Asker: 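Before anything else, here's the structure in question.
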Amino acid sequence: MTRTPLLTFTPNGIYCPSGDFYIDPWRPVRRALITHGHADHARAGHEHYLCTDLAAPVMRHRLGPIDVETVAYGQVLTIGDAQVSFHPAGHVPGSAQIRVQVGGEIWVASGDYKIENDGLSTPFEPVECHHFITESTFGLPMFHWQPQSVIAAQINAWWASCAANDQTAFLGAYALGKAQRLLSMLNPDIGPILTHTAIENTNVILRGQGTTLPDTILADGSIDHKVYKGALVLAPPSALGSAWARKFGAQQTAFASGWMQMRGVRRRRAGDRGFVISDHADWNGLLSAIKDTGAENIYVTHGYTDIFARHLNDIGLNAQVVPTQFEGETLDTSEDA
Amino acid sequence: MKQFATLFAQLDQSTKTNTKVAALADYFSTAAQEDRLWTVALFSGRRPKRSITTTKLSKWAAELAEIPDWLFDECYPIVGDLAETISLILPPPRRLSDHSLSFWIKYLKSLADVEETDCKTAILNAWGQLDTAQRFLFNKLITGGFRVGISQKLITRALAKSTGQSEAELAHRLMGKWDPTTTTWHDLIEAEDASADASRPYPFCLAHGLDGDAADLGPPADWQAEWKWDGIRGQLILRDGQYFVWSRGEELMTDRFPELSRAIDYLPSGTVLDGELLVWRDGHPQSFNALQKRVGRKTVPKKLLNDAPVILYAYDLLEWGGVDLRAHPLQYRRALLERACADLSDDAPVRLSPIIPFKSWKDLAEIRSDARNHQAEGLMLKRGDSPYRVGRKKGDWWKWKLDPLSIDAVMIYAQSGHGRRANLFTDYTFAVWNGNDLVPFTKAYSGLSDEEFRKITAWVKKNTQQRFGPVRQVTPHHVFEIAFEGIQASSRHKSGVALRFPRMARWRQDKSVQDANTLDDLNEMLAIYG
């Protein structure tokens, strides 16, 4: 007799038969457990949502009126026959790994995660388990992140040189997570910090949750561009080079993402500068996270899945690729890299 | 290396010409002379001799990074650059040093005849003291090819800014076969006598394609028209009783065209001609296909020399009696050229490319439409009173080419590009119908916008049927108009044809797979134009 695994991979997403729920499903389901608020994880249309108390406000903002139940990190819920708890993933504020236990068997679906403490998100905590579902966005050995303080110094030096040349510094970053992380790294003594509406909306929510962020000025249609000499403008990548951005006159644009590690991508995408910073784990981060779970069975999703899984098998783990509905490679499509 | 790495980062990060020129000029004013010389050399495609194979380099890097070879091989196509892949996978340096660019070049040179184990130790030692950016450049010194978007023109502009010499003078100094290991900054850039080397060519004057109406160029009498030959642009130099042949790409091709040596018997020393290298037979220039057999052949067998004899079809005179004529107007140079070529016998390896007389632009347009029958690609229009300029300047010289041939084809394979285009699927294989089968017949990788490449990349990821290493077989769905300059029979290709300069003219989203052309259509073109 073959036993059904605790978590299964279905066309709707990751499913737990014992608790009759899905984790980050991509088609509408009755009960969805959500790791974090990014669009490829928190989709619209589910009947009931469950997420951390820290993730809920952003999800409500993004998805509108939803039926959402919240839980604190570490709090154990019983759903059907399953014991379920959420644990910090360090990806963005409120992001979680979801631990599911039935009897003695433990699975963890990690969603997206990073190891470094970014100062805003609750830091990543390894969770011991038997089966670990991991992302592999940067699951190749050329991805190595430098400490956040090093990148902060690079960004501030760039901003200061823009300001000295009377150029507005445009920094492209995704609205949830990366933008606030960058904001917390900026040195407000250099000049005023302006934000695009999409980013400011998220700032407002996070400030409302008690997160301390530097003061920002909303750069909507009504502001006088001449007043903000030497400003840095945080904007979603899509707004860089737009008519809205051009109104600021002389400017430099930069983009902050893990993909900026590769010169080809940097030259294609970055405008004037590319800063290497990501909310995903780098190569060593992924490997150490996997090791710390103690899990022997690893399910690889999101990213360079084939290559990463093959390497895990090489080093003695039992790894397999989980087919996702998303594209195999997330470069140029990911919201949060 | 730190200073060179800083320069490289500035050049690499900026898309603005002025910023690049300023960064280079600053470097040329402050760096050590030896480093400046090497920088000019590297950016103009002169690189140190390769002392270590890329295979060994990759192997040592993988070993040091503690990753298996297969994993390294997977990373390389994703990064799109071997030197960069290595620089990224290596563990952080143990201690940083700051030796000069020239130091590292000499360091590598000294490894040429060293035992493999010592060589490996030396490379690992170097990696251990360079940061990621410097390692990348160090690796590039070994693997070659600094493609950083720095044109010769940009270098000369920066040099002019830093030295106060004219750009034209500097462009001339940088031409030809100088070698950074034997010359010095002073000899190359500063010394009085810049023409010391008998083989030194002049920078080529290049033309832009005519995009508007020829009639907008003004009175026809101001212009000289010539056929635009379908050969290899070349400069023939006769000095000190020797001859030298240069290609437009600044490649010395003297040995490949031994028949041109006889030019010494017909023309005086101190002569430099600009013209087209062509196969000449039965009193006529032959198509590029005939020349193709000679291209890439370093030594020429006697039979080939007989079957495909090459001449220089001359259309400009740059030096006469040892005097640089480039500042004189075209009419003047042409008159001298015609006089110089007047007495040439029929078996001389130099011939005079004729001028096409015309009264009106309308007449000339008609003449142009007959270009293929003359083995020409179209016309060249040159302003009669123009000097011979350096490089591609708008206004005096125009190419007025025939429209290319074209065919609608189906994309069947896609592969990602290199460098800037790594991670984008930009290199495609195209097929035409042969009955119910799609037969591949050409590859193409240019002609689309970045936006189109992005769209197709996303599509390829979702529509991959099979992977062969970096190559994806995709669902036959998209039709592209492939433009090309010529077609010839080829036994090496499944389709039996080979195209010249194929590129994507348009993404035909209005056409379905069934609308693509057939192999019969290609064969028909082969019969007419082959």
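Please read these numbers as outputs of a predicted model, since none were measured by experiment. The chains referred to below are lettered A, B, ... by the order of the sequence lines, with proteins before strands, and numbering in each begins at 1.
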Asker: Got a second to check how far B/Glu66's CD is from A/Ile315's CD1, nearest 0.5 Å?
Answerer: 12.0 Å
Asker: Heavy-atom distance under 4.5 Å to chain A: side chain of B/Phe72, backbone, both or neither?
Answerer: neither
Asker: Closest approach of B/Trp70 and A/Ile307, non-hydrogen atoms and distance?
Answerer: CH2-O, 3.5 Å
Asker: Is the closest side-chain heavy-atom distance between B/Lys16 and A/Asp272 below 4.5 Å?
Answerer: yes
Asker: What part of A/His144 gets closer than 4.5 Å to chain B, counting heavy atoms only: side chain, backbone, both or neither?
Answerer: side chain
Asker: Indicate the atoms forming the closest heavy-atom contact of A/Met262 with B/Ile78, along with that distance.
Answerer: SD-O, 3.7 Å
Asker: If I measure from the heavy atoms of chain B, does A/Gln252 come under 4.5 Å with its side chain, its backbone, both, or neither?
Answerer: neither
Asker: Rounded to the nearest 0.5 Å, what separation is found between the CH2 atom of A/Trp283 and the CG atom of B/Leu88?
Answerer: 13.5 Å
Asker: Under 4.5 Å heavy-atom distance to chain A, tell me which part of B/Gln13 shows up: side chain, backbone, both or neither.
Answerer: both
Asker: More than 12 heavy atoms of other residues, nucleotides or ligands under 6.0 Å from CD of B/Gln509: yes or no?
Answerer: yes
Asker: Quick one: CD1 on B/Ile89 to CE on A/Met142, what's the gap to the nearest 0.5 Å?
Answerer: 9.5 Å
Asker: Quick one: CG on A/Asn165 to OG1 on B/Thr19, what's the gap to the nearest 0.5 Å?
Answerer: 9.5 Å
Asker: To check you understand the geometry: which heavy-atom pair defines the closest contact between A/Arg263 and B/Glu84, and what is its length?
Answerer: N-OE2, 2.7 Å
Asker: Non-hydrogen atoms of chain A under 4.5 Å away: do they reach the side chain of B/Pro92, the backbone, both or neither?
Answerer: neither
Asker: Other residues, nucleotides and ligands only: do more than 12 of their heavy atoms fall within 6.0 Å of OH on B/Tyr445?
Answerer: no
Asker: What part of A/Asp314 gets within 4.5 angstrom of chain B, counting heavy atoms only: side chain, backbone, both, or neither?
Answerer: side chain
